[in-house]
Protein chains: 2
Amino acid sequence: MTTPPRRATRQQAAVADMLGQHETFRSAQEWHALLRAAGDPVGLATVYRTLQSLAEAGEVDVLRTDAGETLYRACSAAHHHHLLCRECGFTVEVDGPAVEAWATAVASAHGFALPRHTVEVTGLCPRCAPATSPGVTTSPE
Amino acid sequence: MTTPPRRATRQQAAVADMLGQHETFRSAQEWHALLRAAGDPVGLATVYRTLQSLAEAGEVDVLRTDAGETLYRACSAAHHHHLLCRECGFTVEVDGPAVEAWATAVASAHGFALPRHTVEVTGLCPRCAPATSPGVTTSPE
DNA sequence: ACTCCACATGAGAATGATTCTCATTATTGG
DNA sequence: CCAATAATGAGAATCATTCTCATGTGGAGT
Ligand SMILES: [Zn+2]
Ligand SMILES: [Zn+2]
Ligand SMILES: [Zn+2]
Ligand SMILES: [Zn+2]
């Protein structure tokens, strides 16, 4: 139970700041590139380490793309799920009381203990969605 | 469109057979090991290739562990979700009409197009769950 | 303000799952 | 059976992430 001490460093602040300025999910490498571009460079290993501790502290949410990349985003502390744009990473936090109840019910109905769940919804956000003009697909999947 | 021709091979049959004999999610490497152990060896690259085509054909379901491994399992064709044991990989297929509706509603409420969703529930199956004796935690998290 | 030193950093090596390469083998139509 | 060509598999290559360890630094104590 000994929460290891943590020191305040310029690098950790830079990562936290950058996270706070975007509402999109980004990979560690992308955050690293953003920091470098912003003239506030942080070593890649440190970006990974910082994102991980923030994740453990519940200050960022983590998800994995189909391609296997891990994405991070500053999120509110309360339990919630995401509606994520597959094109640009723009994300909206959503809650789903019905889903929570369903997950718990399903688990206990089958005798599973310590249930946990993953729920993500993806799509194309209004900015990235193809124009509603019929037949004209701007960006085929 | 031109569906590329596909030849029947001993290796592909072996993989399909092995998949049919288990109701658990396993990684490509684990399926490979099982095949080798069963005296029906298949090259690792071929196991990967076969699992991928089966996945594209909708005959196996795919999911990624927190550790980043990709797991495969023979599944029914209809859309469904999983209740998965974190300990042994035992899996039950479940459906959730309420969840389907919720996902669609959430997406359109925010103007997201082409919605898609991921829903997985994990826990400890009856065989792997610690005895119900109060206070005695056999396997702390 | 100065020292000390445990923790933090970062460049580069290591890891490990997955994919790619390409020489060899095997399926299938004729 | 033969030829055409898809499939296989051993090993190399890829690539995100993690590890190593020499060096830097926050901050408590003085
Ligand atoms: Zn978008
Ligand atoms: Zn939830
Ligand atoms: Zn189990
Ligand atoms: Zn569904």
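From a predicted model like this one, the values you see are computed outputs, not experimental measurements. In the text below, chain A, chain B and the rest are named by the order of the sequence lines, each starting its count at 1.
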So that I can tick it off, tell me whether A:R64 and B:D66 are bridged by a salt bridge, with the cut-off set at under 4.0 angstrom between side-chain N and carboxylate O. no
Parallel, tilted or perpendicular, judged at 30° and 60°: which one describes the rings of A:F90 and B:F112? parallel
Shortest non-hydrogen contact between B:A14 and B:V42, atoms and distance: CB-CG2, 4.1 Å
Whole-Å gap separating P (C:dT9) and NE2 (A:H32): 13 Å
Base versus backbone protein contacts along nucleotides 18-30 of chain C [heavy-atom cut-off under 4.0 Å; B, S, -]: BBBB----BBS--
Under a 3.5 Å cutoff, is there a donor and acceptor pairing between the side chains of B:R26 and B:T24? yes
To the nearest Å, how far apart are A:L35 CG and C:dT9 C1'? 14 Å
What's the CD-P distance between A:E30 and D:dT17, to the nearest Å? 10 Å
Whole-Å distance separating the CZ atom of A:R36 from the C1' atom of C:dT9: 14 Å
A:E93 side-chain N/O to A:S76 backbone N/O, donor-acceptor pair under 3.5 Å: yes
Nearest whole Å is fine: how far is C:dT9 P from A:L51 CG? 12 Å
When you measure from the side chain of A:E30 to the backbone N and O of A:S27, does any donor-acceptor pair fall under 3.5 Å? yes
